[in-house]
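Here's the structure, in structure tokens; my notes come after.
So that the names make sense, note that chain A is the first sequence line, chain B the second, and so on, each numbered from 1. A quick note: this is a predicted structure, and the numbers were derived from the prediction, not measured.
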Amino acid sequence: MNRKLYFKLAFTNIKNNRVMFLPYVITCIVIIALFYTINSLVNAKSLTSISGGNFTIDVMKFGSLMFTVLSLFFLIYTNSFIFKRRKKEFGLYHLLGLEKKHIKKLLMIENLMIASISIISGILVGLVFNKLVGIFMFGMMKVSLVLEAISFPAVYKTIGTFIVIFIIIHFTNLKQIHSNHVMELIKGSQIGEKEPKVKFIWAILGGTFLLAGYILSFTVTDPKEELSALIMAIVFIIFATYLLFIAVSIVLLKLLRKKETIYYRKENFTLISTMLYRMKQNAVGLSNITVLSTATLIVMTTTISLYLGINTMLNNTFQYDVSIKNEAASDVIGQQQLQILMDSNKEKYGVEIKTPISYRGGQFAADLTGDGKEEYFFVLPLNDYNELTKKNIQLEANEVLLLQDEETATLQAIQLENTSLKVKDTVNELPIDTSKTNSKEAHWIYIVAPLTGELALQLDIENSLTMYQVFNLQGTKEAINEFSHAIVNESQTISNVDVEAKSIYKESLLVRFSGLLFLGVFISTVLFAETALMIYYKQISEGYDDRKRFSIMKKVGMNRNEIKETIRKQTLIMFFAPLVVALLHLAVGIPLVIKIIGIAGMDNWIITLGSAIFASLIFIVIYGAVFIFTEKSYKKIVER
Amino acid sequence: MEILKVQHMKKVYKPRLGAEVEALSDINFTVKKGEYIAIMGESGSGKTTLLNILASLDGATEGKVMLEGVDYKHIPNDELAAFRRKHLGFVFQDFNLLDQFSLKDNIFLPLVLASTSVKEMNERLRNIAKTLEIDHILEKYPYEVSGGQRQRAAVARALITVPSLVLADEPTGALDSRSANELLDLFARIHESGQTIIMVTHSVYAASKASRVLFIKDGKISNEINKAYMEEDITQQIFEMQAARVASRSIL
């Protein structure tokens, strides 16, 4: 056959099947554009120059990998969907005398055309995307960086990856053509579908799984320790989702059908029977949509609340604007150097030091409570405590004071190896930096003990005392930030001294979580695009089947309004059942999300709840838009 | 008693491009209660258009179609479906049963649409199912039974509303000869019980079972054969009519 003819035929095929191909190509372009953007961020040299930039690059590298897997899975899925609808067309080619090898070649050329259009447009759109993402992301990170206009490594990687993906897609097509008999192709999807046979037990199992998954997700208190329980909960919920649509829905519909007074009513009759008939083909699709929607919602909630929770994390980690540690507490020279450095920079940037506190102390780890687990603890000398609080508390050699928290409130004594120390009292607050009590990773105990006491001797505290200085700053935001950078940089020359500043940490958090948020948005976009595509194809292919159905009903005496009403109810249920279940999953999952991001020090549940509501609203709006668009196309097909 | 009256009926299609097509021109006939009429004609002669208009699925361009004294033109659009449901029963060539329903539910469909009580539906079904010999397969689905059984279920669906008129479009077209004969016997029995039937068909044998045969050609009723008594064999006459038509065409 003539090559020109192949191209012409392929072009006409794509054009005539544009209802199927157009959404597919658009999705391809979006995925490729995002893939390019992610990889251009991976290769952005400017990112390496900022604090937290390397983290963002790592995040994007992970994103790139995830994208590759997701795109491969989704594009194969949608492609096979299109293929199924076109079976009849290929059968016709067979009848007209085209051999399998001709059809294979035709498919190859079609795929080649779609691949070239998608990859080229995808990269072009990606260039624009990249520019926008650069502006928005760096804006959110509050850094003044610019991305290169075009990243060639990213271009090469995008082209390479998607050529491989399209080749894999082509092979799946070849396999389909190969394994299908001519007559099967011609018949296409005309074979009568049997009513789903579902055992009651599967429905019960589905309900049990759902309950088990939900309960498990509630009982996980420490996601890091109980990782296996967490995974179990997720697996249970996913299985339950599939069973919910496959079995529970059918059992329910069958029960409804048995109730004659409900079933044999004008408004229920066709609805129940059609839903029942449709469920067999749709249950898995609806479950896929639900799982994807849930994933999208969770990713959005997590990344949004991490970004919005930066200040919470910051305040949990830093009680003071600057905290300085000098590991050699007796190093007078270092202490002097530090003072000079701070004084000169104070003048230079015009900031005031407020509420400065300095004290000595030591950090240790041992099992103090006798529960077999090691605790971290901080020892503050009694002298320093009395000086800071202007009190005069006396402690015996075997006595200590503790900072009160849930665990220490009831402690009568602490144990260090063989030494038992009496807890004389617990105090509500200490005049020092106690931010480590906010740590979710370990339990910190703050202890006040005399330097000459048994605890101090046991720990040999005299020789390991560290000097701490903490203070807040007053001045403009910029001045505080510049001052912080200056003292952190300049203090690096002084040995044993370590300076940490809240405003620098904030910069790094902004960069990290903005990067994460963007990856979250990218992944949500792809997951959502795929969800929308699945919904669209499902409705369209049902439209073709339903067309005949509705024409029969019209002849038997159903009027236009009744048909319209039935269509509307049917699409509404099919459309919003996954959304409702996904939102339910999200609602139940929120406590778990709060616990997981608590590990990162973000423990403000109001922000997480707000993020979840925000993510849900956005999702519902876009989902609704897809619904309106899909319903229109569906109606057009059915009423033609 | 006249049940259907068609007067000077005309149907013109206006395609978006090109000239008007006159599918039917000046059709006149009446059907008496209890008549069994076959309409014969070649593909494109207009017989399907005629059937669609009689079924109120399509409107006439000019003229009158009246069923039991009601002019189709005077029925508001949103009441057409209900009118169809009440007065007409349909049997199609490809059965047009819905796969999602069992045979029983397929038969119930028009009654459910008319909000009939479950008790009454069951009573009506019991009688019809027995006559049509489908009472043992009512719970089965269309794809689980034979073509003949499917068509009998479709007939049951047409009859269950007790319509004034049953319209059948090539009802034997998709059946093997044995099932076709059984169906024609069934139609004969239904006719005997007083049901008015109009059947469009290609088959001379099927047409010969009717009490009257109308021939339609180029949008007009060209000829008509009336049986003097029901058992009269008009096969020969139908053949002659068709032969004459072929001859007239070959002269042209």
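Across every non-hydrogen atom of B:Gln100 and A:Ser273, the tightest pair is NE2-OG, 3.2 Å. Taking all atoms of both residues into account, the shortest heavy-atom contact from B:Val112 to A:Arg265 is CG1-C, 3.7 Å.
Within the 4.5 Å cutoff, the side chain of A:Phe269 has no heavy atoms near those of the B:Leu113 side chain. Two residues are said to be in side-chain contact when any heavy atoms from C-beta on lie closer than 4.5 Å; A:Arg549 and B:Leu98 meet this criterion. At a threshold of 4.5 Å between non-hydrogen side-chain atoms, the residues A:Lys548 and B:Asn96 count as touching.
With A:Tyr264 as reference, B:Asp105 is the one residue of B:Thr116, B:Asn122, B:Asp105 to meet the side chain to side chain donor-acceptor pair (under 3.5 Å) rule.
Counting heavy atoms of neighbouring residues, nucleotides and ligands inside a 6.0 Å radius, atom CZ of A:Phe239 does not exceed 12 of them. For B:Tyr13, the OH atom sits in a packed shell: over 12 heavy atoms of surrounding residues, nucleotides or ligands are nearer than 6.0 Å. Crowding of B:Lys86 atom NZ: a count of heavy atoms from other residues, nucleotides or ligands under 6.0 Å not exceeding 12. More than 12 non-hydrogen atoms from other residues, nucleotides or ligands lie less than 6.0 angstrom from NZ of B:Lys73. The number of heavy-atom neighbours closer than 6.0 Å to CZ of A:Phe629, taken from other residues, nucleotides and ligands shown, is 12 or below. At most 12 heavy atoms of other shown residues, nucleotides or ligands fall within 6.0 angstrom of atom CD1 in A:Ile201.
Summarising the geometry, atom CE belonging to B:Met121 is positioned 7.5 Å from atom CD belonging to A:Glu260; distances are rounded to the nearest 0.5 Å.
Note: B:Phe101 and A:Tyr277 fail the aromatic proximity criterion, with ring centroids not under 6.0 Å apart.
For B:Leu97, the part sitting under 4.5 Å from any heavy atom of chain A is the backbone (N, CA, C, O) and nothing else. Of the atoms belonging to A:Glu267, not a single heavy atom falls under 4.5 Å from chain B. For B:Val118, the part lying under 4.5 angstrom from a heavy atom of chain A is the side chain only. Heavy atoms closer than 4.5 Å to chain A are found nowhere in B:Asn77, neither backbone nor side chain. Residue B:Leu57 touches chain A through its side chain alone, counting heavy-atom pairs closer than 4.5 Å. With a threshold of 4.5 angstrom between heavy atoms, A:Ser551 does not approach chain B through any atom at all. Within the 4.5 angstrom heavy-atom criterion, only side-chain atoms of B:Phe92, from C-beta onward, approach chain A. Only the backbone of B:Asp78 comes within contact range of chain A, judged by heavy atoms closer than 4.5 Å.
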